[in-house]
Amino acid sequence: MHFDNSYAQLPPRFYARQAPTPVAAPKLIKLNQALASDLGLEAQLLSPSGVDYLSGNDLLSGSEPLAMAYAGHQFGQFVPQLGDGRAVLLGEVIDRFGVRRDIQLKGAGRTPFSRNGDGRAALGPVLREYIVSEAMAALGIPTTRALAVVTTGEAVQREMALPGAILTRVAASHIRIGTFQYFAARGDQEGVRLLADYVIARHYPAAAGAANPYQALLQGVIGRQAALIARWLLAGFIHGVMNTDNMAVSGETIDYGPCAFLDAYDPGKSFSAIDRQGRYAYGMQPRMAQWNLARFAETLLPLLAVREAEAVAIAQAALGGFSEAFEAAYAAGLNAKLGLSQTQDGDSALAQDLLARMAANGADFTLTFRGLADEVTDSGTVRDLFADPPVFDEWATRWRQRLAEDGGEAASTAGAMRAVNPVYIPRNHRIAEVIAAAERDDFRPFEVLNTVLSRPFEAQPDFARYADAPQPGEIVEQTFCGT
Ligand code: AMP
Ligand code: MG
């Protein structure tokens with residue numbers, strides 16, 4: 001049929017063959033029809049058997065289910081064996097654009113990598129991943145996608161009993177930095193090489209023709225991660241668990257656990273209940289990505305050069321490129337957010353000055369940047385987002401001078417700004433509202449939120465309240481991974 005499984009062709013030590021465990025009473029809550037159609041799976045998933053395929057009670061023909069092996073640094077601590085403890089890779093499909101994509105059931109039951117876990121997922125985190133990953137895609141940020149949500153009719157025991165659910169996730173691949181670490185930590189050089197060759201063929205085909213393909217692979221992964229983290233910062237996104245097992249070598253955002261978007265701008269902000277030290281706080285993300293990439297580079301050392309000193313020099317040069325690539329992408333993104341079409345010395349300082357003033361004044365990140373477009377064409381209301389409004393006025397005077405030098409026509413500048421500064425982001429309090437309703441079996445708020453977030457850059461007058469920052473009583477301070 002549609003499946004064309006390549007990971008299952010790798011040697012058996014790369015995974016454990018594992019079928020999903022059937023569930024009691026599967027119910028289809030959501031099918032992402034546009035994505036299903038891109039994958040050529042629409043007819044099967046819309047058929048009466050669709051819910052069985054999406055719950056693991058039946059297998060799509062052509063799937064070869066397996067749990068992938070991987071390791072990872074979790075909050076800085078190396079764990080030599082993690083692996084898919086509650087996810088099953090069904091296989092790969094070539095989509096209608098010719099792109100090979102993984103189809104995975106998350107919450108599909110125990111696997112040889114489950115350790116003490118139950119292999120299951122609770123409804124709340126599944127809905128959060130659905131909402132946030134689809135919102136990221138609509139924002140144009142590289143990400144895994146959500147194909148479907150089913151409830152299982154079974155309870156999962158966390159701090160309390162919660163309704164169980166399964167997310168069907170679609171990814172460019174599920175290969176993580178931790179996948180490389182798994183083989184490297186075992187001294188399995190052949191495994192690292194096979195994996196590297198596989199990743200080059202699948203994600204970095206141009207590297208195959210480079211003088212040193214593994215150096216090109218390393219540079220490629222670093223470049224995509226630098227661009228990705230810049231996009232996160234520019235959208236106010238906090239991943240929450242940037243462990244090396246949660247960083248995909250494809251350059252997609254993966255593993256939406258205790259993730260969150262900033263309301264008020266605060267570079268030190270972290271929401272994750274398990275991130276007590278703020279290791280993965282908003283402003284730490286570039287540094288943490290670079291740290292993770294250094295772990296990736298270490299796994300490749302034996303492939304980079306015969307002589308170790310030479311390999312280390314190649315790795316260090318590549319890692320040194322991260323900051324440069326990140327800073328360039330971040331600065332360009334900030335300029336676009338400010339409506340500046342050309343770059344000048346001092347632009348970064350201007351943007352950073354705004355951010356510092358926002359942080360000191362509790363200004364909402366998304367509303368401030370979106371509001372700047374109105375300031376270009378008429379007199380906006382951004383100043384009201386600042387605890388001390390003259391702090392904004394002072395900055396805005398310099399920004400307007402800079403805009404004048406840039407020379408763009410006001411209406412087109414405002415239009416360009418509205419194309420990069422969203423109105424709608426998946427705000428934490430809205431997600432909390434959706435989950436609370438879903439736990440009462442009301443999925444209408446989930447539907448509405450997804451619909452609004454599918455067009456994040458367009459003002460939707462009927463849904464204006466979804467743009468609002470939380471009222472003081474609505475603020476969500478902590479998010480949970482729900483594992
Ligand atoms: P995560 O925090 O979701 O990135 O997961 C880290 C590791 O824990 C991965 O190896 C997961 O497969 C595993 N894991 C998380 N939750 C469960 C669960 N409920 N049952 C089994 N394994 C789990
Ligand atoms: Mg993970």
Side-chain angles (χ1 to χ4, degrees), residues 14-16 18-21 23 56 65-89 102 104-130 132-133 143-144 146 152 154-169 171-183 185 238-250 252-260 270-276 279-280 288-289 292 295-296 478-483:
F14 278 63
Y15 48 78
Q18 176 67 56
T21 307
V23 299
L66 58 84
M68 293 168 70
Y70 55 85
H73 274 91
Q74 299 189 306
F75 294 91
Q77 284 304 107
F78 185 64
V79 184
Q81 181 171 308
L82 290 165
D84 288 332
R86 55 168 172 165
V88 166
L89 176 67
D102 278 7
Q104 189 204 61
L105 300 183
K106 184 170 176 182
R110 288 181 52 82
T111 79
F113 304 109
S114 295
R115 294 170 291 163
N116 296 320
D118 60 3
R120 294 301 186 187
L123 178 60
V126 164
L127 296 181
R128 176 187 297 278
E129 175 153 357
Y130 190 104
V132 182
S133 65
T143 178
T144 62
T152 60
E154 297 174 0
V156 296
Q157 192 58 43
R158 295 294 179 261
E159 261 138 62
M160 51 180 151
L162 295 168
I166 297 174
L167 178 82
T168 305
R169 181 159 72 180
S173 84
H174 285 84
I175 302 168
R176 307 138 192 274
I177 289 178
T179 318
F180 280 83
Q181 292 181 291
Y182 177 84
F183 297 103
I238 309 172
H239 182 284
V241 228
M242 288 176 70
N243 294 332
T244 57
D245 53 306
N246 291 337
M247 195 177 252
V249 296
S250 67
E252 286 182 342
T253 310
I254 194 171
D255 269 14
Y256 292 86
C259 58
S270 68
F271 289 89
S272 169
I274 54 171
D275 188 11
R276 293 202 181 81
R279 177 180 172 93
Y280 299 134
M288 289 298 107
N292 289 347
R295 307 290 77 77
F296 177 53
Q478 267 199 336
T479 52
F480 300 87
C481 56
T483 46

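Both backbone and side-chain heavy atoms feed into the values below; hydrogens, waters and symmetry mates do not. When a ligand or atom number is given, it counts from 1 through the structure's own listing order.
Short contacts between ligand 1 and Arg120, defined as distances under 4.0 Å to a heavy atom of the residue, involve ligand atoms 19 (N).
From the protein, the heavy atom lying nearest to atom 19 (N) of ligand 1 is Asp118 OD1, 2.9 Å. Among protein heavy atoms, atom 1 (P) of ligand 1 sits closest to Thr483 CG2, 4.2 Å. Atom 23 (C) of ligand 1 has Arg86 CG, 4.0 Å as its closest protein atom, hydrogens excluded (heavy atom only). Protein heavy atom nearest atom 13 (C) of ligand 1, with residue, atom name and distance: Arg115 NH2, 3.6 Å. Nearest protein heavy-atom neighbour of atom 6 (C) of ligand 1: Gln74 NE2, 3.7 Å. Taking atom 4 (O) of ligand 1 as the reference point, the nearest protein heavy-atom neighbour is Asn246 OD1, 3.0 Å. Nearest protein heavy-atom neighbour of atom 21 (C) of ligand 1: Gly85 O, 3.2 Å. Protein heavy atom in closest approach to atom 10 (O) of ligand 1: Gly83 O, 2.6 Å.
Between the Mg ion (ligand 2) and Asp255 there is an N/O/S contact shorter than 2.8 Å. For residue Asn243, no N/O/S atom approaches the Mg ion (ligand 2) to within less than 2.8 Å.
Only the side chain of Asp255 comes within contact range of ligand 1, with a heavy atom under 4.0 Å; no backbone atom does. For Tyr70, every heavy-atom contact with ligand 1 shorter than 4.0 Å involves the side chain, none the backbone.
Checked by atom type and distance alone, the side chain of Asp275 pairs as donor or acceptor with a backbone atom of Arg279 at under 3.5 Å. Under a 3.5 Å cut-off, the side chain of His239 and the backbone N or O of Gly257 do not form any donor-acceptor pair. Looking only at distances, no side-chain donor or acceptor of Arg120 sits under 3.5 Å from a matching main-chain atom of Arg86. Judged purely by atom type and a 3.5 angstrom limit, Glu252 uses its side chain to pair as donor or acceptor with the backbone of Ala172. Judged by distance alone, the side chain of Asn243 and the main-chain N or O of Asp245 form no donor-acceptor pair under 3.5 Å.
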Verdict with supporting geometry, Asn292 and Gln181, side-chain contact (heavy atoms from CB on, under 4.5 Å): CA-CA 11 Å; Asn292 289 347; Gln181 292 181 291; over 6 Å; no

Give the intermediate values and the outcome of side-chain contact (heavy atoms from CB on, under 4.5 Å) for residues Arg176 and Asp255. CA-CA 11 Å; Arg176 307 138 192 274; Asp255 269 14; 3.5 Å; yes

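A donor-acceptor pair shorter than 3.5 Å can be found between the side chains of Thr143 and Tyr256.
Remark: distances from the non-hydrogen atoms of Gly119 to ligand 1 include one below 4.0 Å. At least one heavy atom of Arg158 sits closer than 4.0 Å to an atom of ligand 1. Residue contacts with ligand 1 include Asp84, since one or more of its heavy atoms lies under 4.0 Å from the ligand.
Taking the six-membered ring where the residue is Trp, Phe180 and Phe296 present perpendicular rings, their angle passing 60° and hence far from 30°.
Between Met68 and Phe14 the shortest side-chain heavy-atom distance does not fall below 4.5 Å.
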